[in-house]
Structures are given as C-alpha cells and as structure tokens.
Amino acid sequence: MLTPPRLRNDCFAMPQGVAWVPVDEALAKLRAALVRVTGTERISASRASGRVLAEAVVARRSNPPTPNSAVDGYGFAHSATGKGVQRLPLVEGRAAAGQPYRDSVPEGSAIRILTGAILPEGVDTVVLEEDCATDGTTVAFDGPVKRGANTRPAGEDVAEGEVALPEGHRLGPADLALLAALGVSEVTVHRPLRVAVLSTGDELIPDPGSPAEPHQIYDANRPMLLALAARWGYEPVDLGHSRDAPDEIAARLDAGADSADLILTSGGASAGDEDHVSRLLREKGQLSSWRIAMKPGRPLALAMWNGVPVMGLPGNPVAAFVCALIFARPALSLLSGEGWTEPMALTVPAAFSKRKKAGRREYLRARLDAEGRAEVFRSEGSGLISSLSWATGIVELPDEAVDVGPGTPVRFLPYAGLGI
Ligand code: AMP
Ligand code: MG
C-alpha cells in the first residue's frame, strides 16, 4: 500500500541517517587529496603579472643600491654640527638623482642635494630645504639635527641576496615594481592552470542571443564559471553545454580531461532521476564525496575522470557560485601551485535577524551598509541570481545554531577577499 509523504514544518531539517559532510571536513578532504599539477617555465618579469612564482625571488641588487637623500635639501657630515644655529659654507656643484657628485664634501661644509641623489663622500645627514636659509654660498639651519636625518641607507628595503618574494606568491603590479628595483628580469613561474567548464541540462540553451522556448533557460553557469576561472588567473577552457545524456557528458569530460587540469561541471549532481553527472561519475569516475552540510549548494560531486579531477557543482546558479567560491577556489589554488587559500573574513555587526538551526553552514548573500554592518538580500531564494550582483560578499553562519540580531558579530567574506 502506497502512503504519500507528509509535509512537515521542519521539512528543510537535516534528513536522519544521511551522512552529511561538514564544510570544514569536506575542505580538509579536498586539501589532502589535491597536489600541485602545473609545470614551470622561465619568463620575462615584465610579462609575469598574475603568474605564480615556482621559485623564490632573490634580490640581485639592494634597494636602494646606495645610501641616498630622501628629500631636497643640504647634505653635510653630522660630526661637524651641534646645537643652535649652524652656518656651513656650500661647496660648488650639487648632487642630484642620476648626477652623482664626484668629489668629497669637506667636514664642516655642505652641499646642495636633491631627492634620490647618492650621498657624496663626507655626507651622512641631510636637512630639509624648507628648514634652511641660503644666500648661495652659505646655508643656515637650526641644530641639533639627528645623524642620518633624511637619508636612506643602502638596502633599507631589501638587501642583495635576500629572498624578496617567496615561492607560491602570485605576482601583482606591486611585485613587478619590486622585481625591477631588485634587478630581476626573469622569473620561474608555474604554467597557468587550465580550468574546463561544462554545463549540463536538457533545458539549457547555450547562447542568450538565440530564441528560447518556454521550457528552456539560458545557460547562466558557464559564463559565470569561466569568468571566475579567468578572474582567479587561470586559463578558462569552454567545454560548452551537454544534454542530460551520459554518452554526451562522457565525451565532453573526455575532451576536458585532454585539455584542462580540472573540470568544473554544473547541474545533474544530485541523486535525482536526471542527475546523470553523478551517476556517470559514480560508475566511471570514482565519485568520492558529495553531500555537504551547507546552504546553498548541498550536492557537490568530487571525482576523477581520466586522471583529472572533476568538481560537480550544483545546477542552481546561486549554489554553483557559492560552492565555486568555497570549494573550487582553494582547490584550484592548490593545483596551480599558489597553495591552499582561506577566504579573507571580516567580523562585522549584523544588520539583520535570523534564527539558524544546527547542522549545516549557511552562506547569505550580503553587503556592508554605510555603517559597515552586514545586510542580507531581501530573500534567501536560491533562484535569485540578481542577489549575487546585489551582494558584495557573503555572510558565513557557523555549523552550530545561532540567533543573529542587529549588532550580532558575523563573518563577512568580501568578494574582494575571494579573488573576485
Ligand atoms: P540540477 O542540479 O541539474 O538539478 O539543476 C538545478 C536547477 O538549476 C534547475 O532548475 C536547473 O534548470 C538549474 N540549472 C542547471 N544548470 C544551469 C545553468 N547552467 N544555468 C542556469 N540554470 C541552471
Ligand atoms: Mg539538470
């Protein structure tokens, strides 16, 4: 005799007897399972922005290479000065950046010196031009001045032979300045990680420019995941879209395994009738773990396909996005050679109320209001893609039960700290 299921008030509670993997446990498993897969290459430092160092960078030259003046002013030997008004005769000529003064400055004399100029022999201290009076032959200023004032010692930033940047560091614009200053013209970096993206679903239309029947929807995940991969500094590989047909999915996974270091799929990762991705991976891809105690985005398939890891994200774009930020990001980072990454988290007061039960972690689409408090989107509906655009980050509520009210400290993970 068939009995219909009864809807209960707590129908969203954790099902009994199912092994839900807590987020931290899933992350730990992922971290233990993956290793760096990218080879290395030596490239010009000028082209290395966004690349990950495969070897530490050692300074070939000190920065600054020589002691020099930090200001425009007058330089002299400190030993000849004291308290009260100092009057020093000026030597002829001057020291400027790129135009060193070749003679030595006698003790008791001073020299006109400009910012960045090497300190001439006999000069160890500089007084700021605004603190001086001069008639062109003598300079006068109030003593005492500190020995070494307004000068920069050689190597005060980085000394020759020192490690300037560690292995695994992703080079950014600031690093290119440092490499140049240290005389480093070539670096050893990892080959960029290739990340393949496949969407699955009979309802999907790949191109938002083409007409859609009422039962069809445009593929939102593929452009999002390809853009995420690119933002994170990886080479996106577009595997297109596959219908819910095992042969077709398998063929695309084959293509992905040939051309990428990791395959991100979306859709078909639950245990439903049409969830061909998880079925295929269970049969042929050593599916390893897939029920994460989190909201949104519980189904997550982790498997290997022809030796290449596959991460099967939920089909729902909001869930796919959050799972990509929480799971794909550190996994890709580890594969790329940059190492495991933790999201940057700010603890801020909540501007919302929510009573959360124990048993799963929850991620809320959020942004900071004018007072720096985290406000959340008007609805937690997982179909609301616009909420991802509205948000500037996500609030992470812990696995345990929490009762959040206005002012309660919560963890806010800004998009910027998630690399987007
Ligand atoms: P699934 O995980 O395949 O059961 O999909 C869950 C929900 O996400 C369904 O409503 C799908 O239509 C939707 N979905 C799956 N893939 C995509 C996609 N690439 N773009 C937009 N929605 C999707
Ligand atoms: Mg589907």
Side-chain angles (χ1 to χ4, degrees), residues 11-12 15 18 20-21 26 195-230 236-253 255-256 260 262-283 285 287 289-303 305 310-328 360 363 365 377 379-391:
C11 65
F12 295 117
V18 177
W20 292 93
V21 186
V195 180
V197 175
L198 172 66
S199 290
T200 67
D202 285 338
E203 73 279 33
L204 298 182
I205 304 202
D207 174 13
S210 47
E213 301 284 335
H215 62 278
Q216 297 178 312
I217 60 169
Y218 295 116
D219 178 0
N221 290 343
R222 201 158 42 97
M224 169 180 80
L225 295 171
L226 289 168
L228 276 178
V237 177
D238 189 351
L239 296 180
H241 140 257
S242 164
R243 287 175 303 137
D244 287 318
D247 290 353
E248 211 179 303
I249 301 169
R252 303 262 172 175
L253 292 177
L262 178 137
I263 305 169
L264 289 176
T265 68
S266 70
S270 296
D273 295 348
E274 297 296 331
D275 291 317
H276 298 281
V277 175
S278 47
R279 191 178 316 152
L280 194 63
L281 292 176
R282 192 173 305 116
E283 286 166 14
L287 186 75
S289 143
W290 62 285
R291 291 193 130 205
I292 318 270
M294 69 184 274
K295 182 189 170 193
R298 287 171 278 185
L300 185 77
L302 295 163
W305 190 268
V310 179
M311 189 176 280
L313 301 169
N316 181 294
V318 170
F321 186 75
V322 172
C323 283
L325 298 185
I326 301 303
F327 293 104
R360 69 180 177 196
Y363 294 95
R365 287 142 272 168
F377 195 60
S379 156
E380 287 184 27
S382 61
L384 308 178
I385 303 180
S386 67
S387 62
L388 299 175
S389 298
W390 174 91

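In listed order, ligands and their atoms are each counted from 1.
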Q: Which residue holds the protein heavy atom closest to atom 7 (C) of ligand 1, what is that atom called, and what is the gap in Å?
A: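 Ranking protein heavy atoms by distance from atom 7 (C) of ligand 1, first comes Asn316 N, 3.8 Å.
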Q: Below 4.0 angstrom from a heavy atom of Ala220, which ligand 1 atoms are there? Numbered from 1 as shown, please.
A: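 Once the distances to Ala220 are compared, the set is 18 (C), 19 (N), 20 (N), 21 (C).
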Q: Could you tell me whether ligand 1 has any atom less than 4.0 Å away from a heavy atom of Gly201?
A: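 The answer is no, since Gly201 has no heavy atom less than 4.0 Å from ligand 1.
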Q: Can I get a per-line list of side-chain donor-acceptor pairs under 3.5 Å for residues 197-204, giving both atom names and the distance, sequence neighbours left out?
A:
residue, atom, partner, partner atom, Å
Ser199, OG, Asp219, OD1, 3.0
Ser199, OG, Asp219, OD2, 2.9
Thr200, OG1, Ser266, O, 3.0
Thr200, OG1, Gly267, O, 3.2
Asp202, OD1, Asp244, N, 2.8

Q: Using the test side-chain hydrogen bond (donor to acceptor under 3.5 Å, both in side chains), find all partners of Arg252 that sit at least two apart in sequence or belong to another chain.
A: none
Q: Please list the nearest protein heavy atom to atom 11 (C) of ligand 1 with its residue and the distance rounded to 0.1 Å.
A: Glu203 OE2, 3.0 Å
Q: Run the numbers for me: atoms of ligand 1, each under 4.0 Å from some heavy atom of Gly268, listed by number.
A: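 In order of number, 1 (P), 2 (O), 3 (O).
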Q: Look at atom 5 (O) of ligand 1 and say whether a protein heavy atom is found at less than 4.0 angstrom from it.
A: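 Within 4.0 Å: yes, protein heavy atom nearby.
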Q: Mark up the atoms of ligand 1 that fall under 4.0 Å of a heavy atom belonging to Tyr218, in ascending order.
A: 20 (N), 21 (C)
Q: Against heavy atoms of Asp219, which atoms of ligand 1 measure under 4.0 Å?
A: 18 (C), 19 (N), 20 (N)
Q: Tell me whether Ile217 has any N or O atom under 3.5 angstrom from an N or O of ligand 1.
A: no
Q: Look at atom 18 (C) of ligand 1 and say which protein heavy atom is nearest, naming residue and atom and giving the distance to 0.1 Å.
A: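 The closest heavy atom on the protein side is Asn221 ND2, 3.3 Å.
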Q: Check step by step if side-chain contact (heavy atoms from CB on, under 4.5 Å) holds for Phe321 and Asn221.
A: CA-CA 8 Å; Phe321 186 75; Asn221 290 343; over 6 Å; no
Q: Give a yes or no answer on whether the side chain of Tyr218 reaches the backbone of Ser210 with a donor-acceptor pair at less than 3.5 Å.
A: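 Such a contact is found between Tyr218 side chain and Ser210 backbone.
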Q: Salt bridge check, Lys295 against Glu380: does any charged N sit closer than 4.0 Å to a carboxylate O?
A: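 Here Glu380 pairs with Lys295 in a salt bridge, since their nearest N and O are under 4.0 Å apart.
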Q: Which of these, Ser382, Gly315, Pro317, Ala319, has its nearest heavy atom closest to atom 14 (N) of ligand 1?
A: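 Ranked by closest heavy atom to atom 14 (N) of ligand 1, first place is Gly315.
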